[in-house]
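Atoms within a ligand are numbered from 1 in the order they appear, just like the ligands themselves.
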Amino acid sequence: MKLLVVGSGGREHALAWKLAQSPRVQLVYVAPGNGGTAQDVRLRNLAITDLNELADFVEKEQIALTLVGPEQPLAAGIVNLFRSRGLKIFGPSKEAAQLESSKDFAKAFMKRHAIPTAEYETFADVASAHAYIDSKGAPIVIKADGLAAGKGVVVATTLEEAHHAVDMMLSDNKLGDAGARVVIEEFLAGEEASFIVMVDGINVLPLASSQDHKRLLDEDHGPNTGGMGAYSPAPIVTPQLHARVMREIILPTVRGMEKEGIRFTGFLYAGLMIDAHGNPKTLEFNCRMGDPETQPIMARLKGDFSKVVEQAIAGTLDTVELEWDRRTALGVVLAAHNYPDAPRKGDLISGVPPETGDAVTFHAGTTLTDDRLTTSGGRVLCVVGLADSVRSAQSVAYETINHISFDGMQYRRDIGFRAVNRKHG
Ligand code: AMP
Ligand code: GLY
């Protein structure tokens, strides 16, 4: 059968790579794809971005099922459109995607269903927002209500920063409609983890745990990025914490959506903050897989993923049991010069080694033109190493990176440091 993955990042490369391993899968189209998906003979890039044209293509080519990577097409209603045309697709409807596309929707939903999260208020009025900040003090967190491609959250350590963030979003309209309303919430201290599950409307199938590294520089310094690396499993997610997150966060969310008449289907990603006592709170929901978390997660997943997606679309996830490689998978993102502000494009990439049993490189911001591989985005590659410990997985990943070069390449040297410290600290 033929499949379609929508998107162009490292997440989509990893999803397509995994799907293509199935003996029943002939070809995986990736729309629009990247330089890495262009190089793999089992994958084919598709230069269609318009959702109606994509649906036409799926119909014409008799594509068995579609998997959506990024949030934008989900928020734009790709699932509603495909379903209305009788096409099989895994992802949330536009309405269900509000868990990610509107922070206010997500916060109000969590409040209604007593799902642990930071205290908050939502504002459209500048003066009231400033007054609220003054009444609460710093640190405090300001979030644009809508999708802002990772630029919508300001963790303000001073009142000045907080007021400035409100002005930027509400008065200066720097984020457009996405910042027309802001959520202002309590600052939560602790360690983050990514908790991702597949949902078929009723049944919930947890994927392996993972942890992202959002800051640009080592030891979590520098600006926030889309993610500079991730590894799986994340030892902070103990079996006890796992059970608690399912009971207190994931299941109430899926049941709550059902009760409100917006059945959730798709990947549900709860970004967690776990405090010093091990209590989890929800920082945010995403209605898709994480990037770069998908890269190490897919590297560890065993078995036929196309069958899992098929069951998810059929509503029979309760019959699925996932099997995971027991090793740790650790992915390091290689970013372009000047990422995340204004990443430079067009640098020639060399030395990407072929996949081995313990290392695989997923592409994100790359373009292949006549055998020349060049950078075309902020996050360029994600190199994943697999090994029996986090330290060894680091060694494999960083050893692989030594072969790769492009001008301006920047990456963190400490991906996985929290897990390493946990074991040795
Ligand atoms: P979000 O898009 O809501 O996940 O926010 C992006 C990042 O900002 C998170 O991964 C956290 O590192 C940080 N963050 C968000 N909300 C809070 C909060 N209430 N307290 C502390 N840090 C936060
Ligand atoms: N890695 C964070 C995200 O995908 O939102």
Side-chain angles (χ1 to χ4, degrees), residues 7 9-12 14-15 68-72 74-75 97 99-107 110 116-121 133 136 138-157 161-162 165 175 178-179 182-196 207 209-216 220-232 234 267-276 279-298 331-333 335 340 362 364 378-379 382 412 415 418:
R11 166 182 51 211
E12 290 75 22
L15 291 170
V68 188
E71 61 274 22
Q72 295 85 358
L74 295 167
L99 275 181
E100 174 168 3
S101 65
S102 168
K103 300 262 188 209
D104 176 56
F105 177 92
K107 294 295 288 191
M110 285 190 269
T117 189
E119 263 188 54
Y120 83 105
E121 295 253 356
I133 289 170
K136 292 290 175 183
I140 192 161
V141 181
I142 322 296
K143 300 183 175 185
D145 172 53
L147 293 179
K151 297 197 166 61
V153 176
V154 177
V155 179
T157 48
E161 263 180 276
L175 301 177
V182 296
V183 164
I184 303 184
E185 71 177 29
E186 170 199 5
F187 171 83
L188 299 176
E191 182 174 335
E192 289 180 53
S194 305
F195 200 101
I196 308 174
L207 301 182
S209 63
S210 58
Q211 189 174 58
D212 186 12
H213 300 61
K214 290 217 169 80
R215 302 295 194 106
L216 180 69
D220 286 343
H221 293 303
N224 258 322
T225 69
M228 292 300 290
Y231 65 99
S232 168
F267 295 103
L268 178 64
Y269 166 150
L272 305 176
M273 184 67 90
I274 299 145
D275 73 14
N279 300 311
K281 283 191 177 163
T282 314
L283 287 179
E284 63 162 345
F285 285 118
N286 295 317
C287 59
R288 50 168 176 84
M289 291 278 303
D291 190 337
E293 291 94 325
T294 306
Q295 291 85 314
I297 289 175
M298 284 297 127
V332 180
V333 169
F362 296 111
R379 290 185 290 177
C382 178
R412 279 179 63 158
I415 300 303
R418 286 209 166 78

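- Closest to atom 13 (C) of ligand 1 among all protein heavy atoms lies V155 CG2, 3.8 Å.
- Using a 4.0 Å heavy-atom cutoff, K103 is listed among the residues neighbouring ligand 1.
- Heavy-atom contacts of F187 reach the following atoms of ligand 1: 20 (N), 21 (C) (cutoff under 4.0 Å).
- At a heavy-atom distance under 4.0 Å, atoms from both the backbone and the side chain of L188 approach ligand 1.
- When each of T157, I184, V155 is tested with I140 by the rule side chain to side chain contact (heavy atoms under 4.5 Å, CB included), just one qualifies, namely I184.
- Here is the list of ligand 1 atoms found below 4.0 Å of a heavy atom in K214: 10 (O).
- Looking from atom 17 (C) of ligand 1 to the surrounding protein, the closest heavy atom is L283 CD2, 3.4 Å.
- For the pair R288 and V68, the minimum side-chain heavy-atom distance is 4.5 Å or more.
- When only non-hydrogen protein atoms are considered, atom 5 (O) of ligand 1 lies nearest to V153 CG2, 3.5 Å.
- The only member of R418, M228, K214 that meets side chain to side chain contact (heavy atoms under 4.5 Å, CB included) when paired with D220 is R418.
- To the nearest 0.5 Å, atom OG of residue S102 and atom CZ of residue F285 are 13.0 Å apart.
- Annotation: atom 2 (O) of ligand 1 to nearest protein heavy atom, E284 OE1, 3.1 Å.
- Taking CG of L272 as the start and CG of N279 as the end, the distance is 12.0 Å to the nearest 0.5 Å.
- Legend: residues meeting side chain to side chain donor-acceptor pair (under 3.5 Å) with R11, ordered by chain and number and at least two apart, are absent.
- For K107, the side chain to side chain donor-acceptor pair (under 3.5 Å) test picks out T117, E185, with sequence neighbours left out.
- For ligand 1, the polar-atom distance check finds an N/O of K143 within less than 3.5 Å of one of the ligand's N/O atoms.
- Among protein heavy atoms, the minimum distance from atom 10 (O) of ligand 1 is reached at E192 OE1, 2.6 Å.
- Atoms of ligand 1 lying under 4.0 Å from any heavy atom of E185, numbered from 1 in the order shown and given with element: 16 (N), 17 (C), 18 (C), 19 (N).
- With a 4.5 Å cut-off on side-chain heavy atoms, I196 and I297 count as touching.
- Here the side chains of E293 and Y269 are in contact, with some heavy-atom distance below 4.5 Å.
- Scanning both residues, A148 and A178, for their nearest heavy atoms gives CB-CB, 4.4 Å.
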N/O pairs closer than 3.5 Å, ligand 2 and protein:
from, atom 1, to, atom 2, distance (Å)
ligand 2, 1 (N), D212, OD2, 2.8
ligand 2, 1 (N), D291, O, 2.9
ligand 2, 1 (N), E293, OE1, 2.7
ligand 2, 1 (N), E293, OE2, 3.2
ligand 2, 4 (O), R288, NH1, 3.0
ligand 2, 4 (O), D291, N, 2.9
ligand 2, 5 (O), N286, ND2, 3.4
ligand 2, 5 (O), R288, NH2, 2.9

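- Among residues two or more places apart in sequence or in another chain, the side chain to side chain donor-acceptor pair (under 3.5 Å) test is passed with E119 by none.
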